[in-house]
Amino acid sequence: MRWTNALIPTLKESPADAEITSHKLLLRAGLIRKLAGGLYTFMPLGLRVLRKVEQIVREEMDRAGALEVLMPALQPPEIWQATGRYETARDVLFKVRDRAKKEWVLGPTHEEVITTLAAGEINSYRQMPKNFYQIQVKFRDEIRPRFGLMRAKEFIMKDAYSFDATDEAAQLSYQKMYDAYTRIFERCGIQSFPVEADTGVIGGKFSHEFMVPAETGENDVVYCESGKYAANIEKASSQGPLAATPKESTGAAVEKFATPGVVTIEALAKEPYNVAGHQQIKTLVYLVQGKLVIVLMRGDDQLNEAKFVGQIGTNEFRAATADEIFGAMGARPGSLGAVKTAMKSEIPVYADEVLRGAKGMTTGANEDGFHFRHVEIERDIEVNYWVDLRTVKVGEFCVATGLPLKIRRAIEVGHVFKLGTKYSEALKATYLDESGVAKPCVMGCYGIGITRTMQAIIEQRNDKDGIIWPIAVAPYQVCITPLGVAPGSPTMLVAEELYAALSAKGVDVILDDRDDRPGVKFKDSELVGFPIRIGIGEKSLAKGEVELKLRGGELTPLKKEDALAKVLELVGK
RNA sequence: CGGAGCGUAGCUCAGCCCGGUAGAGCACUUGCUUUGGGAGCAAGACGUCGCAGGUUCAACUCCUGUCGCUCCGACCA
């Protein structure tokens with residue numbers, strides 16, 4: 001490609017609506033342009049990168065034995081109703097109507113479609129295992145699209161779905177994808193690491209997310225430096241809080257005391273009360289599918305909503321309003337408690353495991369301006385469910401190694417998930433086993449955000465001058481930069497010769513034939529991030545040399561006649 | 001949806017508080033000079049100041065509404 005024939009609209013300044021580095025660079029390097037919030041056009045160079053990422057994914061999926069298909073983005077709502085997700089996923093579903101006013105949904109994911117397909121095509125245990133994948137555009141009515149390609153209304157995903165006869169076989173399919181993902185991200189030139197992930201409403205314990213460490217990521221990952229444990233904070237557990245929960249009795253019965261104006265854990269921890277956070281029981285009230293539920297946490301702990309969803313089995317919940325709470329409890333937030341004798345109505349109580357056996361605790365008295373002390377949870381509170389609901393904190397000890405845990409931000413680029421039979425049962429994807437008994441297929445699903453991965457590469461690989469593409473996904477691997485471009489000039493002759501030779505060898509090469517000052521051409525090639533630049537100027541040419549510049553590396557002279565071989569070696573041809 | 005902010009030239013922004021002639025830099029066009037790290041000079045083209053109402057002799061500026069965008073929170077690849 002000749003630069004003058006390409007469209008590479010680089011920008012000196014960052015557009016005002018880009019916040020994070022990778023988003024700014026996507027725009028500045030002319031890789032994407034925004035049409036509207038969460039909707040982007042891939043420019044010629046951006047599309048080249050996207051295609052290369054796709055190709056790596058395709059090769060690794062094929063290698064893992066998955067079969068490529070292409071499913072419709074436009075889907076009938078009936079299959080979504082069959083799995084119940086027409087309701088549970090309604091917030092992200094885009095819906096459209098055809099001329100007959102019939103409704104359709106734009107696929108945010110394809111479990112329903114692939115399972116419908118499998119229901120028709122897979123009838124025998126002999127046909128499994130099978131794994132189908134596609135690379136396709138998804139539509140999600142995101143609550144808040146942001147950071148360019150990171151979270152978009154429309155994005156490209158590789159989604160794969162495995163079908164197996166047994167749990168054990170499904171585990172094998174899962175492992176294959178896990179391994180393929182590791183290779184994919186490695187080939188894309190980014191550091192990624194798998195972490196245990198929350199399984200949400202589906203449940204089960206087999207789910208991993210592939211994370212790329214980045215301060216701008218939207219996830220918190222809890223990890224042990226030994227490398228033996230890493231989990232999304234939504235899922236993470238530890239040996240427990242650093243301060244032990246009090247277990248010593250302080251009184252034979254609860255005692256009410258006045259706490260005028262005290263409505264926070266912090267306020268109760270100060271003079272004149274001096275009740276530390278870990279000596280308090282925090283009482284939260286949620287509305288789960290229209291019914292009130294009480295959640296008890298230790299005062300210094302945070303409720304992990306993802307864990308809570310796993311326990312209640314639905315994501316249809318919200319914090320109760322102050323009015324709803326007052327109606328049921330007779331007090332306002334800040335004075336709430338679940339002590340039996342002070343309860344006005346029957347409300348199920350979930351208590352965090354950390355509170356088990358707690359004695360000498362302080363909690364709200366269900367009366368504004370009063371608290372109870374000497375609370376012993378098993379004696380004074382009717383707990384219906386003991387569950388793990390707390391959010392892990394930095395410095396708590398790792399369950400696996402006993403070392404202190406750390407937390408860092410990361411971008412989720414992939415997710416592997418063992419689904420079980422939720423979808424196969426709902427959509428009747430059954431097979432006959434050896435003994436002729438019909439059973440639902442055991443499924444797994446595996447996603448990679450292709451467009452997000454592309455941005456994650458930039459987020460991880462950049463410097464003050466621009467993007468630093470790895471060879472494997474660079475829009476062009478080599479940029480030839482003659483400093484004089486007059487036809488027939490010595491620099492241009494050498495440039496043309498090298499360009500022709502590299503092109504003939506199948507190297508992705510761009511010739512910067514613009515009649516611009518050297519500074520402009522250098523800046524642009526570094527901003528866009530071509531991994532290899534061959535500079536051709538009259539000074540070095542006089543010595544029979546050209547200049548090799550690796551992006552992010554030093555300028556090194558190279559004998560003119562060695563240039564071709566050196567570049568071929570660098571790009572691995 | 002809750003909270004915060006921003007909409008003025010292709011891009012980055014000033015002007016608005018205190019109403020009266022639409023501005024700068026970059027990019028673009030033409031010419032001359034320059035030519036190893038985002039050049040200089042000169043000339044030029046580019047705007048219904050997001051949109052709709054209102055106040056006013058007069059609105060980019062004040063008021064109301066509305067739409068869009070960005071950021072923080074809940075959602076996810």
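- By the 5.5 angstrom centroid cut-off and the 30-degree plane limit, Phe522(A) is classified as not stacked against the base of G36(B).
- Side-chain atoms of Ile534(A) and Leu548(A), non-hydrogen and from C-beta on, do get closer than 4.5 Å to each other.
- No side-chain heavy atom of Met71(A) sits less than 4.5 Å from a side-chain heavy atom of Phe132(A).
- Base pairing of C1(B) is made with G73(B), judged by Watson-Crick or G-U wobble geometry with both donor-acceptor distances under 3.5 Å.
- Base-pair partner of U61(B): not found among the strands shown (Watson-Crick or G-U wobble, both distances under 3.5 Å).
- Regarding contacts with the backbone of C76(B), every side-chain N or O of Arg151(A) stays at 4.0 angstrom or more from both OP1 and OP2.
- When both pairing distances are held under 3.5 Å, U35(B) makes no Watson-Crick or G-U pair with any nucleotide shown.
- When distances run from any side-chain atom of Asp524(A) to the nucleotides C76(B), C69(B), G38(B), the shortest one goes to G38(B).
- The distance between the ring centers of Tyr133(A) and Tyr446(A) does not fall below 6.0 angstrom.
- Side chain of Arg146(A), nearest nucleotide from G36(B), C76(B), C71(B): C71(B).
- Within the cation-pi definition used here (under 6.0 Å to the ring centroid, within 45° of the axis), Lys95(A) qualifies as a partner of Tyr86(A).
- Nucleotides C16(B) and U21(B) are separated by 13 Å at their P atoms, to the nearest Å.
- Rounded to a whole Å, the OH atom of Tyr181(A) is 10 Å from the P atom of A77(B).
- If you check C75(B), U34(B), G37(B) against the side chain of Lys549(A), the one that comes closest is G37(B).
- Each of Lys422(A), Glu112(A), Glu111(A) was checked for a side chain to side chain donor-acceptor pair (under 3.5 Å) with Thr83(A), and the lone residue meeting it is Glu112(A).
- Residue Glu305(A) has its side chain nearest to A74(B) when only G36(B), U70(B), A74(B) are considered.
- For A14(B), there is no paired nucleotide, since no Watson-Crick or G-U wobble pair has both relevant distances below 3.5 Å.
- Of all nucleotides present, only C28(B) satisfies the Watson-Crick or G-U wobble test against G44(B), with each distance under 3.5 Å.
- Listed candidates were U35(B), G37(B), U12(B). Nearest to the side chain of Glu526(A) is G37(B).
- Under the 30°/60° scheme for interplanar angles, the aromatic rings of His208(A) and Tyr174(A) are found to be tilted.
- Taking for each of Leu149(A) and Lys523(A) the nucleotide of RNA chain B with the nearest heavy atom, the 5'-most of the two is the partner of Lys523(A).
- Spacing of C1' atoms, C46(B) relative to C1(B), comes out at 41 Å, to the nearest Å.
- Listed nucleotides A39(B), G36(B), U70(B) differ in distance to Val520(A); the shortest reach to its side chain belongs to A39(B).
- In this structure, C6(B) and G68(B) make a Watson-Crick or G-U wobble pair, each of the two defining distances being under 3.5 angstrom.
- Distance check on atom C1': G15(B) versus A59(B) gives 14 Å, rounded to whole Å.
- Set against A77(B), G36(B), U70(B), the side chain of His415(A) has A77(B) as its closest nucleotide.
- Per the geometry, CD belonging to Glu215(A) stands 17 Å off C1' belonging to C71(B), to the nearest Å.
- Distances were taken from every side-chain heavy atom of Lys539(A) (C-beta onward) to each of A27(B), G36(B), A77(B); the shortest belongs to G36(B).
- OP1 or OP2 of C71(B) lies within a sub-4.0 Å distance of a side-chain N or O belonging to Arg144(A).
- Here the P atom of nucleotide C75(B) and the CZ atom of Arg90(A) are 15 Å apart, to the nearest Å.
- For Glu412(A), the side-chain atoms get nearest to A77(B) when compared with the rest of A77(B), U34(B), C72(B).
- Side-chain proximity of Tyr40(A) to the nucleotides A39(B), A77(B), U70(B) is greatest for U70(B).
- Here G38(B) presents its C1' atom at 10 Å from CG of Leu527(A), a figure rounded to the nearest Å.
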